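All values reported here derive from a predicted model rather than from experimental measurement.
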Amino acid sequence: MEKRYILFDLDGTLTDSYEGIINAFIYALDKMGIEPKEDTFRKCIGPPVTESLRTFYGMSEDEADRGVKLFREYYTDKGIFENVPYPDIETMLKTLLAHGKKLMVATAKPEFMAERVLEHFGLSEYFCFVAGVTTDKAAPPNDPKLRSTKEDVINYILRTNDIFDPENAVMVGDRGSDIRAAKKFGLQTIGAEYGYGSVEELTEAGADSIAHDPMQLIEIIVQS
């Protein structure tokens, strides 16, 4: 799988953000008088917060918007740092850079939050491009500044960086949604099984390869 551009999901792929995200969900749901469903917690890591609130708690669009605001009350200042890079992440990134790879982040997390996380953990220097969802609701339809899904984020990365040949890029993510989004653009994919998705979820979504730990990504990306 000799690729030049490597797109990484963030939560569940580069960092273990479970504690902070779930604490923020619990905070938001408590403020709304809703009992958290523990069996949904892992499923909430990865997709946009709005999507999780509507899917698992049956919220309307307006309710979900309020839930997101409450989520961010907790997450922006505290939950964002209840987080830690997975073991060997920095070694893996250094090794890929040494092999001439262009590393990018494609996350469903708001872009400014992704940048804060990477900066906080000293990972920013490894990435030449970081993209996440935006909240610019004033942007016109189809404007690349308006990004609300993982598909939007990937499309934005490919267009902005003039990556015209999908055979030259690969997406690394821990959830089926990462894999399916990348497949829409013809990218090959690697499922990060050490994150929040199962091997079954990643395989069913169409992952071309499965990495059981971050160091195995080197073997898949460089040595295949």
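D174 CG to E193 CD: the interatomic distance, rounded to the nearest 0.5 Å, is 10.5 Å. Distance check: L29 CG to E35 CD gives 9.0 Å after rounding to the nearest 0.5 Å. Distance check, rounded to the nearest 0.5 Å: OG of S148 to CD of E51 gives 10.0 Å. Between F8 atom CZ and L93 atom CG the span is 5.5 Å, to the nearest 0.5 Å. Here the straight-line distance linking atom CZ of F185 with atom CD1 of I163 works out to 12.0 Å at 0.5 Å rounding. From I221, atom CD1 reaches atom OG of S209 across 9.0 Å, with rounding to the nearest 0.5 Å.
Between F71 and F25, the ring planes lie perpendicular to each other; the angle is over 60°, past the 30° to 60° tilted range. The aromatic rings of Y27 and Y74 lie tilted to each other, with the angle between the two planes from 30° to 60°. Using the six-membered ring where Trp is involved, Y18 and F41 have ring planes that are perpendicular, over 60° apart on the 30 and 60° scheme.
Remark: the D11 side chain and the Y196 side chain contain no N/O donor-acceptor pair separated by less than 3.5 Å.
If you chain together hydrophobic residues whose side chains sit under 4.5 Å apart, L103 and L10 fall into the same group. Under a hydrophobic clustering in which Ile, Leu, Val, Met, Phe, Trp and Tyr are joined whenever their side-chain heavy atoms come within less than 4.5 Å, directly or via other members, M113 and L70 fall into the same cluster.
Within 6.0 Å of NZ on K31 lie no more than 12 heavy atoms contributed by other residues, nucleotides or ligands. The 12-atom threshold is not exceeded at NZ of K78, counting heavy atoms of other residues, nucleotides or ligands nearer than 6.0 Å.
Relative to the six-membered ring of Y126, K94 misses at least one condition, a distance below 6.0 Å or an angle of at most 45° to the axis. With a 6.0 Å cutoff to the six-membered ring centre and a 45° limit on the axis angle, R147 counts as a cation-pi contact of Y156.
Aromatic rings from Y194 and H212 are positioned such that their centres are separated by 6.0 Å or more.
Between Q216 and E219 the shortest side-chain heavy-atom distance falls below 4.5 Å.
Under the 3.5 Å distance criterion, the side-chain polar atoms of E111 are left unmatched by any main-chain donor or acceptor of V133. Although no hydrogens or angles enter the test, the distance criterion places a donor-acceptor pair under 3.5 Å between the side chain of N23 and the main chain of E19.
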